[in-house]
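Here the structure is laid out as structure tokens; the discussion comes afterwards.
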Number of protein chains: 2
Amino acid sequence: MDSKIQKEIRDSFTAYLTEKKLRKTKERYAILEEICNFSEHFDIITLHQRLLTANFHVSKATLYNTVDVLTDAGIIVRHQVTTQLVQYELRRLADSHLHLICMKCSSVRELKNAHLKGLIHTLKTPRFTPVFHSLYIYGLCARCKNKQQKELNKRNK
Amino acid sequence: MDSKIQKEIRDSFTAYLTEKKLRKTKERYAILEEICNFSEHFDIITLHQRLLTANFHVSKATLYNTVDVLTDAGIIVRHQVTTQLVQYELRRLADSHLHLICMKCSSVRELKNAHLKGLIHTLKTPRFTPVFHSLYIYGLCARCKNKQQKELNKRNK
DNA sequence: GTTACTGCAAACGATTTGCAAGTGG
DNA sequence: CCACTTGCAAATCGTTTGCAGTAAC
């Protein structure tokens with residue numbers, strides 16, 4: 001990630017911690033740093049492994065805590081595609097793309113779309129001040145669609 | 001729910017079961033029936049209780065199984081707003097509304113919008129066959145926005 | 001100093017799984 | 001009758017929680 005943007009994000013985190021009178025610990029900043037290295041979704045377990053690999057020891061409990069704080073701060077966004085695992089993403093990344101979720105294999109693909117933001121801003125939301133959005137489109141990925149088609153062909157032989 | 005619509009849904013379920021060579025058990029139909037009684041989101045535990053109240057005994061395992069089948073059939077839709085509990089909804093209901101989620105108080109409001117479906121259909125999704133979508137807009141509900149404004153006013157006095 | 005934060009391990013609880021008994025086709 | 005379904009209970013595993021030690025302010 002662009003280091004200028006990363007600094008922006010770090011500064012907004014600092015501002016949030018100050019406003020909420022929360023402590024600025026090295027764990028919190030190290031975790032945010034590592035999160036910025038993901039170019040797409042991540043989950044707690046992967047984040048934990050990456051931090052260990054980077055030789056930074058943090059407990060899972062702290063990760064869960066920090067990720068909650070970052071979510072409250074509006075810096076990351078929570079995605080729950082499967083029952084098993086919560087995924088997160090930098091809100092900055094999430095803003096301009098939508099998520100294509102395969103109903104068969106649960107794979108998630110991100111799709112950038114320049115019009116999306118504009119489209120959604122045309123929606124009227126009375127008595128509600130929108131900040132950001134997430135659009136999930138469920139369906140079949142090319143691979144599963146293919147598989148399904150082959151099965152149908154087989155059956156009709 | 002309109003009994004005509006309910007019949008439509010039941011018939012589409014039957015068609016699905018036939019096509020997939022799955023069995024048409026009384027449990028499956030009783031569960032679908034009960035699901036139709038919800039006017040909004042529901043979860044497995046509430047569904048279980050309602051069925052027991054209606055004097056229909058089913059195990060949780062069967063509920064989980066059936067709900068998966070119904071999801072595959074495209075009759076219900078899975079929502080995962082909180083970490084704790086998966087929620088479901090009839091797709092028929094979900095199709096034309098979006099979810100306004102307050103970042104302060106976590107309240108969820110459903111908002112019907114006639115344009116939404118059309119807007120989202122204009123999006124191109126290469127190598128992906130869309131089936132349905134969910135749009136979540138995060139922001140501040142009127143109440144929390146108000147509270148925030150009052151605090152700001154107080155601070156600037 | 002005070003008290004929020006961290007780390008560890010144990011607890012939790014929704015969902016999943018294994019298997020014997022039941023029943024649709 | 002075959003094998004898909006159900007019910008029950010046990011297992012699973014991501015997440016949460018309690019508490020003692022540590023460090024931010």
Side-chain angles (χ1 to χ4, degrees), chain A residues 10 13-35 41-52 54-73 76 78-88 105-106 108 155, chain B residues 10 13-34 41-52 54-73 76 78-88 106:
Chain A
R10 194 169 53 241
F13 189 35
T14 301
Y16 175 83
L17 293 174
T18 302
E19 193 216 323
K20 294 283 180 177
K21 295 190 171 46
L22 298 171
R23 291 183 181 169
K24 300 168 188 68
T25 67
K26 61 180 178 310
E27 284 83 1
R28 286 179 174 164
Y29 283 99
I31 291 167
L32 178 55
E33 205 88 348
E34 197 59 49
I35 286 176
H41 295 184
F42 63 90
D43 57 72
I44 297 283
I45 291 166
T46 312
L47 178 57
H48 195 217
Q49 289 169 342
R50 288 248 194 137
L51 282 161
L52 291 184
N55 240 27
F56 191 91
H57 179 273
V58 240
S59 69
K60 290 243 185 80
T62 299
L63 280 185
Y64 280 106
N65 168 30
T66 303
V67 145
D68 274 355
V69 174
L70 287 167
T71 304
D72 269 353
I76 63 177
R78 188 205 301 265
H79 293 290
Q80 256 172 291
V81 178
T82 69
T83 349
Q84 305 292 7
L85 208 62
V86 183
Q87 296 198 301
Y88 298 89
C105 68
S106 294
V108 182
R155 203 176 291 172
Chain B
R10 195 169 52 242
F13 189 35
T14 302
Y16 175 83
L17 292 174
T18 303
E19 192 217 322
K20 294 282 180 178
K21 297 190 170 45
L22 297 171
R23 291 187 181 165
K24 300 169 188 67
T25 66
K26 61 180 178 311
E27 283 84 1
R28 287 179 173 161
Y29 283 100
I31 292 166
L32 178 56
E33 206 87 348
E34 198 59 49
H41 294 184
F42 64 90
D43 57 73
I44 296 283
I45 290 164
T46 313
L47 178 57
H48 195 215
Q49 288 169 343
R50 289 249 194 136
L51 282 161
L52 292 184
N55 241 25
F56 190 92
H57 179 275
V58 239
S59 68
K60 290 245 184 80
T62 299
L63 280 185
Y64 279 107
N65 168 30
T66 303
V67 145
D68 275 355
V69 174
L70 286 167
T71 304
D72 268 354
I76 63 177
R78 190 204 300 264
H79 290 291
Q80 265 173 284
V81 178
T82 69
T83 345
Q84 304 291 9
L85 209 60
V86 182
Q87 296 199 300
Y88 298 88
S106 294

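If you're wondering where the values come from, they're calculated on a predicted model, not measured in any experiment. Letters A, B, ... are given to chains in the order of the sequence lines, protein chains preceding strands, and every chain is numbered from 1.
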Rounded to the nearest 0.5 Å, what's the gap from CG on A/L52 to CG on A/L47? Could you check? 9.5 Å
So, does the side chain of A/R28 form a donor-acceptor pair with the base of D/dA24 at under 3.5 Å? no
Starting the side chain at C-beta, find the nucleotide from D/dG7, C/dG24, D/dG14 nearest to B/K26. C/dG24
At under 4.0 Å, does any side-chain N or O of B/H57 touch on OP1 or OP2 of D/dC8? yes
Can you name the closest pair of heavy atoms from B/V58 and B/I31 and give their distance? CG1-CD1, 4.2 Å
Do B/T66 and B/T25 have side chains that approach each other closer than 4.5 Å (heavy atoms only, starting at C-beta)? no
Rounded distance (Å) that lies between atom P of D/dT6 and atom CG of B/L51: 13 Å
Distance, rounded to the nearest Å, where A/K60 contributes NZ and C/dC8 contributes C1': 12 Å
Is there a side-chain contact between B/T25 and the phosphate of D/dT6, meaning an N or O under 4.0 Å from OP1 or OP2? yes
Indicate the atoms forming the closest heavy-atom contact of A/A54 with A/E34, along with that distance. CB-OE1, 4.0 Å
Nearest to side-chain heavy atoms of A/V86, which nucleotide of D/dT5, D/dT15, C/dG7: D/dT15
What is the nucleic acid contact for A/D43, judged by heavy atoms within less than 4.0 Å: base, sugar-phosphate only, or nothing? nothing
Is any side-chain heavy atom of A/N65 closer than 4.5 Å to one of A/R28? yes
Between B/V58 and A/D68, which residue's closest nucleotide on DNA chain D lies nearer the 5′ terminus? B/V58
Using whole Å, what does the distance between atom P of nucleotide C/dT15 and atom CG of B/L47 come to? 12 Å
Just how far, in rounded Å, is P of D/dG14 from CD of B/Q80? 14 Å
Whole angstrom is fine here: how far is it from OH in B/Y29 over to P in C/dT23? 18 Å
Below 4.0 Å: OP1/OP2 of D/dT16 and any side-chain N or O of A/Y64: no
If only side-chain N and O atoms of B/N65 are considered, is one of them under 4.0 Å from the OP1 or OP2 phosphate oxygen of D/dT6? yes
For B/I44 and A/T66, find the nucleotide of DNA chain C closest to each by heavy atoms; which residue's nucleotide sits nearer the 5' end? A/T66
Contacts of A/L22 and B/L22 projected onto DNA chain C by closest heavy atom; the upstream (5') one is A/L22
When rounded to the nearest 0.5 angstrom, what is the spacing between OH in B/Y29 and NZ in B/K24? 6.0 Å
Counting distance alone, no hydrogens or angles: does the base of C/dC5 have a donor or acceptor under 3.5 Å from a partner atom on the side chain of A/R23? no
Nearest-Å distance for atom pair NE2/C1', residues A/H48 and D/dT16: 16 Å
Separation of C/dG25 atom P from B/K20 atom NZ, nearest Å, is 18 Å
Between P on C/dG7 and CG on A/L63, what's the gap in Å once rounded to a whole number? 8 Å
Between C/dT16 and A/T83, is there an OP1 or OP2 to side-chain N/O distance shorter than 4.0 Å? yes
C/dG7 phosphate, OP1 or OP2: any side-chain N/O from A/T62 under 4.0 angstrom? yes
Closest of D/dT6, D/dC25, C/dG24 to the A/K24 side chain is D/dC25
